[in-house]
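Counting begins at 1 with the first residue of the sequence. Remember, it's a predicted structure, so these values are computed and weren't measured experimentally.
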Amino acid sequence: MEKELIEKLIQTAIKQLEFSYTPYSGFKVGAALLTKDGKIYTGCNIENAAHTPTNCAERTAFFKAVSEGEREFDAICVVGGKDGVLTEYAAPCGVCRQVMMEFCNPKQFRIILATGTEHYDVFSLEDLLPQGFGPGNLA
């Protein structure tokens, strides 16, 4: 993956922090999801007083994309931190990893975790969800 594209995804994910709705935890998360054809879908986390209806930034981006007919994805960038300050990586939760498993090839799909355009690491979904369960298991 080209450094220029990675930096664009990081910048796009960081921009999403301003839309984050986090009145309870104050932990803001932004995501930028890249489709196979180069479109970028964004997401932020949206909290709820009842906690269970809270939605992560990654799932927000995936659900927006899927609801518009997208089914093939190359990468996602995820950033986050308390009050939007990026001090460490904000890795996807287990539920988000499972949603990724539904739509992505675990060996090929890339997850970019960043604290800025100069500090990031790229993982495969398989790295973050070894032995994941997905549609192939039901075939």
Side-chain angles (χ1 to χ4, degrees):
M1 184 172 254
E2 294 176 13
K3 185 172 173 50
E4 226 174 70
L5 179 57
I6 291 171
E7 288 176 357
K8 180 179 181 179
L9 290 171
I10 293 168
Q11 291 166 347
T12 303
I14 289 171
K15 177 80 173 145
Q16 297 314 299
L17 295 172
E18 69 185 68
F19 304 115
S20 209
Y21 177 74
T22 59
Y24 308 105
S25 73
F27 196 93
K28 297 179 178 299
V29 181
L33 175 63
L34 179 68
T35 67
K36 289 265 187 212
D37 64 358
K39 281 182 172 173
I40 297 174
Y41 286 85
T42 59
C44 65
N45 56 328
I46 304 164
E47 293 182 346
N48 188 285
H51 297 301
T52 302
T54 293
N55 203 53
C56 297
E58 302 92 307
R59 282 182 282 145
T60 299
F62 265 95
F63 295 163
K64 285 167 68 175
V66 170
S67 73
E68 293 186 23
E70 301 290 348
R71 296 292 187 276
E72 296 184 350
F73 306 97
D74 273 344
I76 192 167
C77 176
V78 184
V79 299
K82 187 74 170 170
D83 300 319
V85 178
L86 308 180
T87 57
E88 60 186 68
Y89 292 159
C93 75
V95 174
C96 288
R97 294 175 199 205
Q98 187 61 48
V99 168
M100 292 174 196
M101 190 73 185
E102 183 69 22
F103 296 102
C104 306
N105 179 316
K107 293 183 185 309
Q108 296 173 350
F109 185 72
R110 299 291 169 234
I111 300 168
I112 303 157
L113 302 180
T115 58
T117 56
E118 297 301 317
H119 189 253
Y120 64 87
D121 284 304
V122 181
F123 303 89
S124 71
L125 176 56
E126 185 175 59
D127 291 336
L128 298 185
L129 187 63
Q131 301 299 312
F133 184 85
N137 296 96
L138 300 176

Q) Are Met100 and Leu128 close enough, and set up right, to give a side-chain contact (heavy atoms from CB on, under 4.5 Å), and what steps lead you there? A) CA-CA 11 Å; Met100 292 174 196; Leu128 298 185; over 6 Å; no
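Arg110 places a side-chain heavy atom less than 4.5 Å from the side chain of Ser124. For the pair Ile46/Tyr21, a side-chain contact is recorded, criterion being any heavy-atom separation below 4.5 Å from C-beta on. Considering only heavy atoms from C-beta on, Cys44 stays 4.5 Å or farther from Lys28 through its side chain. Counting only heavy atoms from C-beta outward, the side chains of Gln11 and Lys15 never approach each other to under 4.5 Å. With contacts defined as side-chain heavy-atom distances shorter than 4.5 Å, the pair Arg97/Ile111 does not qualify. Two residues are said to be in side-chain contact when any heavy atoms from C-beta on lie closer than 4.5 Å; Cys56 and Val95 fail this criterion.
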Donor-acceptor pairs are to be reported for all side-chain atoms of residues 72-84 against protein atoms at under 3.5 Å, with residues two or more places apart or in another chain.
residue : atom : partner : partner atom : Å
Asp74   : OD1  : Lys36   : NZ           : 3.0
Lys82   : NZ   : Ser25   : O            : 2.2

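Among residues at least two apart or in separate chains, ring pair (Phe, Tyr, Trp, His ring centres under 6.0 Å) pairs with a member in residues 116-139 are Tyr89-His119.
Atom OH of Tyr41 sits about 14.5 Å away from atom OG1 of Thr60, to the nearest 0.5 Å. Considering CG of Leu125 and NZ of Lys107, their distance stands at 11.0 Å, rounded to 0.5 Å. Arg71 CZ to Thr35 OG1: the interatomic distance, rounded to the nearest 0.5 Å, is 12.5 Å. Residue Ile40 holds its CD1 atom at 6.5 Å from CG of Leu5, rounded to the nearest 0.5 Å.
Proximity of a side-chain donor or acceptor of Gln16 to a complementary backbone N or O of Thr42 within less than 3.5 Å is not detected. Between the side chain of Asn45 and the main chain of Phe27, a donor-acceptor pair closer than 3.5 Å is present. No side-chain donor-acceptor contact under 3.5 Å links Arg59 to the backbone of Val99. Without hydrogens or angle criteria, Thr115 side chain to Leu86 main chain gives no donor-acceptor distance under 3.5 Å.
Between Lys64 and Glu68 there is no salt bridge, since no side-chain N of the basic residue sits under 4.0 Å from a carboxylate O of the acidic one.
Here the shortest heavy-atom pairing between Ser20 and Val29 reads OG-N, 3.5 Å. Here the closest heavy-atom approach between residue Gly30 and residue Leu17 is recorded as N-CD2, 3.4 Å. Contact record, Gly134 with Met101: CA-CG, 3.9 Å, taken as the closest heavy-atom pair. The shortest non-hydrogen separation linking Ala90 to Leu113 is O-CD2, 3.8 Å.
Hydrophobic clustering keeps Phe109 apart from Met1 (ILVMFWY residues linked when any side-chain heavy atoms are closer than 4.5 Å, directly or through intermediates).
Glu4 CD: 12 or fewer foreign heavy atoms inside a 6.0 Å radius.
Residues satisfying the side chain to side chain donor-acceptor pair (under 3.5 Å) test with Thr54, not counting sequence neighbours, are none.
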